Amino acid sequence: MNRNKIASLLASINPIDFVCISGWVRTRRDAKTFSFMEINDGSCRSNIQVIADDTLKNYEAVKKLSTGSAVTVFGVLRESPGKGQRWEIEASAIEIHGLAPDSFPLQKKRHSDEFLREICHLRPRTNKYGAVFRIRSALSSAVHQFFKDHGFFYIHTPILTGSDCEGAGQLFRVTSMDMENLPKISGETDYQFDFFKKPAFLTVSGQLEAEMLALALGDVYTFGPTFRAENSNTSRHMAEFWMVEPEMAFCDLDQNMAHAESFIRYLVNRALTHCADDLELFSAYVDKTLLTTLNKIASSNFIRLTYTEAIDILKNSNKIFQYDIDWGSDLQTEHERYLCEDHFNGPLIIYNYPASIKPFYMRVNDDEKTVGAMDVIVPRIGEIIGGSRREDRFDVLSERMAEAGLKQDDYWWYLESRRYGSVPHSGYGLGFDRLIMLITGITNIRDVIPFPRTPGNIEF
RNA sequence: UCCUCGGUAGCUCAAUGGCAGAGCGGGUGGCUGUUAACCACUAGGUUGCAAGUUCAAAUCUUGCCCGGGGAGCCA
């Protein structure tokens, strides 16, 4: 018989004569002639209560079942006479798969996130982490649904790259050469012996390749892993993270910002409507203001202001910042937080940044001082989206590349897209892990992905 | 990488130079349609590692390792 998922049994309207569940024992309590067990199979937050009485053939073994043990239970789904749950299963047979000895580190009581991070292989079995990873799955589906509804095509851009795409951060090197015995030519590593016959890296963004597809299919997006070899030790950076990158042809900066805003609103709404039960855990135990925050994001327009306006507000704020504010310098975390959390108290989009602090591919505005860049800032997380209108003029783009010290030979194909039928186009990157932080209220990015990769940490 | 706080039982923490403790978890027994069950008893320690100061160090000093928070780099 196929097993029933606990989620569907708990949603049942009527009793069911014969059911079968498989899962892990969360807790067990003994009564005089029977035992209460709570089983969780990961299909939902709730456990189901099982009544195992002493007529079971293996009752002595059942009485020894400890937290973490795996079982299959056959029995009747009936209304529970006890308080606290509507349904329970009266077991007719219990099959024991694997016991969890008393060294099983998860207790019924709450554990610290720091401790659970040391046992990433077991933490999905807790209520909180089970909920995070169900939400992560639901929102991954929501990403695809949103783009499907808007006529986008899902494309796959390479993970391995031969060029330092946008000069964004340190790259991980990829090689098939023997690191202990590198072939040398006049003192330098001879890449002729490497797999690609030239240096190779893990991608820091699929944007440049995504642009090529946008200039053919119209509206496209990528959703995949991204790698940065930065020595970042913060609660919002990882060496391996997931990014959603839409790229849209015939799209200006205003349309780009409107798109980013509706995308975030859609995802927040999806979480509110599709993950209500799991979200309740986070609003109860992680962040009491979570639902207020999410409802506000879902219902109100994002504030839009230019970089220049942002600088003016900061200068007139009479607040003392650790870093000085001057037109031309990048906004620091403290500045973004002040604007987002104190001054406007809500999500905001800052656009038209100085060209000098932004990458070569962003389109230079008519003032020739700023570029069509935009960052979406949300409370508590900071930057969740970074995007821009792309420079579509061949001459300007080559000039900007030269200024950035990039070799045009390495980007010949990128430049050719501006030579043949170039069009206005825009796109952005959304940090998917940061989105999960926003939606769950979790404050450390290491806790929204099953197995986080950070400097000095690649266990599991 | 920098600043800052911390590391004591399986977990969460106390012990501020003088006998290393509690709650939870584990084990044993009892009780009960229970539900973070309850009651009793019980086991459990290289106080992160190394050196130093002292009659005496979990406690003070130095170095290292690991973790949290903040910052930079960024999504």
Side-chain angles (χ1 to χ4, degrees), chain A residues 26-39 46-53 64 66-68 78-85 88 90 100-119 122 126-127 166-170 203-207 225-245 260 285 321-323 330-337 357-359 375-378 381-387 428-438 443-449 454-457 459:
Chain A
R26 281 295 172 79
T27 175
R28 195 179 54 77
R29 298 175 286 275
D30 288 325
K32 199 176 196 85
T33 59
F34 59 94
S35 194
F36 294 102
M37 294 194 302
E38 289 192 34
I39 309 296
S46 305
N47 306 325
I48 197 162
Q49 176 164 284
V50 170
I51 311 298
D53 71 30
K64 289 200 168 62
S66 49
T67 301
R78 65 175 192 195
E79 291 204 31
S80 174
K83 288 174 185 164
Q85 63 279 318
E88 65 183 21
E90 186 182 15
D102 59 22
S103 56
F104 184 61
L106 296 175
Q107 301 174 4
K108 291 175 225 175
K109 233 184 148 178
R110 194 186 164 277
H111 288 289
S112 67
D113 293 325
E114 293 80 11
F115 170 66
L116 292 170
R117 220 169 280 151
E118 293 168 8
I119 49 168
L122 296 174
T126 64
N127 291 335
E166 49 186 89
Q170 295 285 110
T203 184
V204 293
S205 167
Q207 179 200 316
T226 306
F227 308 89
R228 306 264 166 101
E230 301 287 349
N231 188 15
S232 296
N233 294 285
T234 79
S235 54
R236 32 178 220 291
H237 291 89
M238 291 188 293
E240 176 182 299
F241 62 98
W242 286 68
M243 192 153 64
V244 182
E245 295 181 284
Y285 299 115
F321 295 105
Q322 198 184 332
Y323 291 86
D330 210 354
L331 297 176
Q332 302 294 318
T333 298
E334 58 173 344
H335 304 140
E336 292 178 348
R337 288 192 73 129
I357 56 170
K358 289 293 183 184
D375 284 353
V376 180
I377 318 287
V378 293
I381 315 292
E383 185 178 347
I384 196 167
I385 280 179
Y428 58 86
L430 170 126
F432 186 69
D433 312 275
R434 288 184 181 177
L435 174 83
I436 305 299
M437 293 172 74
L438 174 72
T443 53
N444 194 315
I445 201 165
R446 298 175 181 97
D447 297 335
V448 299
I449 192 167
T454 52
N457 195 343
E459 193 69 47

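Because the structure is a prediction, the values reported are computed rather than measured. Here is how names work: the chains are called A, B, and so on, in the same order as the sequence lines, proteins then strands, and each is numbered from 1.
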Given a 3.5 Å cut-off on both pairing distances, which stems involving RNA chain B, each at least three consecutive Watson-Crick or G-U pairs, are present, if any?
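The stems are B:1-7 with B:65-71, B:10-13 with B:21-24, B:26-30 with B:38-42, B:48-52 with B:60-64.
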
Using the [atom1] atom in both, what is the distance from [N] to [M], to the nearest Å?
{"N": "rC60(B)", "M": "rC24(B)", "atom1": "C1'", "value": "33 Å"}
{"N": "rC41(B)", "M": "rC31(B)", "atom1": "C1'", "value": "15 Å"}
{"N": "rA22(B)", "M": "rU42(B)", "atom1": "P", "value": "11 Å"}
{"N": "rG6(B)", "M": "rG17(B)", "atom1": "P", "value": "15 Å"}
{"N": "rU62(B)", "M": "rC73(B)", "atom1": "P", "value": "32 Å"}
{"N": "rC49(B)", "M": "rA9(B)", "atom1": "P", "value": "11 Å"}
{"N": "rG21(B)", "M": "rA58(B)", "atom1": "P", "value": "13 Å"}
{"N": "rC55(B)", "M": "rG68(B)", "atom1": "C1'", "value": "38 Å"}

If you look at every strand shown and take non-hydrogen atoms under 4.0 Å, does [X] touch a base, only sugar-phosphate, or nothing?
{"X": "Asp113(A)", "result": "nothing"}
{"X": "Ile384(A)", "result": "sugar-phosphate"}
{"X": "Asp30(A)", "result": "base"}
{"X": "Lys109(A)", "result": "base"}
{"X": "His237(A)", "result": "base"}
{"X": "Phe115(A)", "result": "sugar-phosphate"}
{"X": "Tyr323(A)", "result": "sugar-phosphate"}
{"X": "Glu88(A)", "result": "base"}
{"X": "Glu383(A)", "result": "sugar-phosphate"}
{"X": "Pro105(A)", "result": "nothing"}
{"X": "Leu106(A)", "result": "nothing"}

Identify all pairs in which a protein N or O lies below 3.5 Å from an N or O of nucleotides 65-67 of chain B, and state each distance.
none

Show me the side-chain donor-acceptor pairs of residues 101-110 of chain A shorter than 3.5 Å, one per line, residues at least two apart or across chains.
residue: Lys108(A); atom: NZ; partner: Thr27(A); partner atom: OG1; Å: 3.2

Taking only residues two or more places apart in sequence, or in another chain, which ones meet His237(A) in a ring pair (Phe, Tyr, Trp, His ring centres under 6.0 Å)?
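Not a single residue meets the ring pair (Phe, Tyr, Trp, His ring centres under 6.0 Å) criterion with His237(A).
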
Which residues share a ring pair (Phe, Tyr, Trp, His ring centres under 6.0 Å) with Phe241(A), sequence neighbours left out
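So Phe241(A) forms no ring pair (Phe, Tyr, Trp, His ring centres under 6.0 Å) with any residue.
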
Between Phe34(A) (CZ) and rU34(B) (P), how many Å, whole number?
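Answer to the nearest Å: 8 Å.
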
CD of Glu334(A) versus C1' of rG72(B): gap in Å, rounded?
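It is 12 Å, rounded to the nearest whole Å.
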
Walk along nucleotides 39-46 of chain B from 5' to 3' and tag each nucleotide B, S or - by protein heavy-atom contact under 4.0 Å, base first, then sugar-phosphate.
--------

